[in-house]
Amino acid sequence: MAANSSSTTSKSGGKQSGPPAEQVVATFQKMRQEQRSLASKAAELEMESNEHSLVIDTLKDVDPSRKCFRLIGGVLVERTVREVLPALQTNKEQISKIIESLNSMMRDKGRELTEYRERYNIRLVGEGESEGDMQSQSSASPKDSEGGGPKSGAGVLVS
């Protein structure tokens, strides 16, 4: 039993050291932020894809020789519908592929986050708390809930 407890305690006082728990939380927060940024980029590209769809649907019914204007690299250029429509369709297809790739990356990051949470027994604030858990947490000192107290071996609490 002494060999087991020595792997989870530091040499000073038998408590888990602060930096590893802080490092676990920091890594978890970084991973969550990466997943959020992937989701944000996917949503942004989804909106752009919808805009492309609207323009493509509008231009389908227009005479192919009609003038239209397209913004390319911040410069408004004059083209014909015949020239612009295929380019828009190609761009929309490329955006869709990127969105699929981002969604795949988000799923992978979600699995990675779940594994990390399970490995370090990370609990989010307000997650999975029953009434008994809430009562015991409200009577616990702030030091215990931050992972610095004797219950710190049970996991890490992340807000």
Side-chain angles (χ1 to χ4, degrees), residues 8 16-134 137-138 140 142-149 151-159:
T8 59
Q16 187 178 9
S17 61
E22 291 172 0
Q23 185 178 7
V24 167
V25 170
T27 303
F28 181 72
Q29 295 289 16
K30 181 182 174 191
M31 291 168 67
R32 283 176 63 187
Q33 182 58 39
E34 289 171 359
Q35 188 181 33
R36 283 188 204 115
S37 67
L38 287 172
S40 173
K41 188 64 177 175
E44 178 184 329
L45 288 174
E46 190 68 42
M47 288 175 48
E48 192 170 327
S49 176
N50 290 339
E51 290 175 8
H52 274 70
S53 295
L54 287 171
V55 173
I56 289 169
D57 290 342
T58 303
L59 291 179
K60 279 182 181 176
D61 301 328
V62 176
D63 178 31
S65 62
R66 185 172 173 183
K67 265 196 280 187
C68 69
F69 294 90
R70 183 173 180 210
L71 190 64
I72 301 176
V75 178
L76 196 60
V77 294
E78 183 180 330
R79 299 279 190 246
T80 63
V81 172
R82 182 181 301 113
E83 295 168 335
V84 171
L85 195 55
L88 286 174
Q89 291 168 335
T90 302
N91 284 354
K92 184 176 182 286
E93 290 171 9
Q94 291 174 347
I95 290 170
S96 295
K97 289 178 185 176
I98 293 171
I99 291 171
E100 289 175 19
S101 172
L102 286 173
N103 286 336
S104 172
M105 290 169 63
M106 279 192 317
R107 281 191 299 273
D108 293 344
K109 185 60 73 175
R111 277 190 232 113
E112 187 180 337
L113 267 168
T114 302
E115 291 170 7
Y116 195 81
R117 283 181 66 185
E118 289 172 358
R119 184 180 327 136
Y120 292 104
N121 194 19
I122 297 173
R123 294 178 297 129
L124 299 175
V125 172
E127 179 181 88
E129 294 179 346
S130 64
E131 285 185 27
D133 290 341
M134 285 183 185
Q137 274 192 349
S138 65
K143 187 176 181 181
D144 289 345
S145 65
E146 291 174 2
K151 294 183 179 180
S152 65
V156 179
L157 184 63
V158 179
S159 61

(message) Just verifying a value: how many Å separate Asn91 CG and Ser96 OG, rounded to the nearest 0.5 Å?
(response) 10.5 Å
(message) Taking atom CE as the centre, does Met106 end up with more than 12 heavy-atom neighbours from other residues, nucleotides or ligands that are less than 6.0 angstrom away?
(response) yes
(request) For Ser65 and Thr80, work out which heavy atoms get closest and say how close. (result) O-CG2, 4.1 Å
(request) Kindly give the heavy-atom pair with the smallest separation between Pro86 and Val81, and that separation in Å. (result) CD-O, 4.3 Å
(request) Indicate yes or no: at least one non-hydrogen side-chain atom of Leu124 is less than 4.5 angstrom from one of Arg117. (result) yes
(message) Please report the interatomic distance CD(Glu51) to CG(Leu45), rounded to the nearest 0.5 Å.
(response) 11.0 Å
(message) So Val25 and Tyr120, do their side chains get closer than 4.5 Å, heavy atoms only?
(response) no
(message) I need the Leu85 CG to Lys60 NZ distance, nearest 0.5 Å.
(response) 7.5 Å
(message) Do Glu112 and Asp108 have side chains that approach each other closer than 4.5 Å (heavy atoms only, starting at C-beta)?
(response) no
(message) Return the CD to CD1 distance between Glu44 and Ile99, rounded to the nearest 0.5 Å.
(response) 10.0 Å
(request) Could you grab the distance from atom CD of Glu93 to atom CG of Leu88, nearest 0.5 Å is fine? (result) 11.5 Å
(message) Could you measure the distance from the CG atom of Leu102 to the NZ atom of Lys41? Nearest 0.5 Å is fine.
(response) 8.0 Å
(request) Decide yes or no for His52 and Val55: does some side-chain heavy atom of the first lie under 4.5 Å from some side-chain heavy atom of the second? (result) no
(request) Inspect the surroundings of NZ in Lys109 and state if more than 12 heavy atoms from other residues, nucleotides or ligands are less than 6.0 Å away. (result) yes
(message) Strictly below 4.0 Å, N to O, side chains only: are Glu100 and Lys97 in salt-bridge contact?
(response) no
(message) When you measure from the side chain of Thr58 to the backbone of Leu54, do you find a donor-acceptor pair of N or O atoms at a distance under 3.5 Å?
(response) yes
(message) Whether the side chain of Ser40 engages the backbone of Arg36 through a donor-acceptor N/O pair (distance < 3.5 Å, no angle test) should be reported.
(response) no
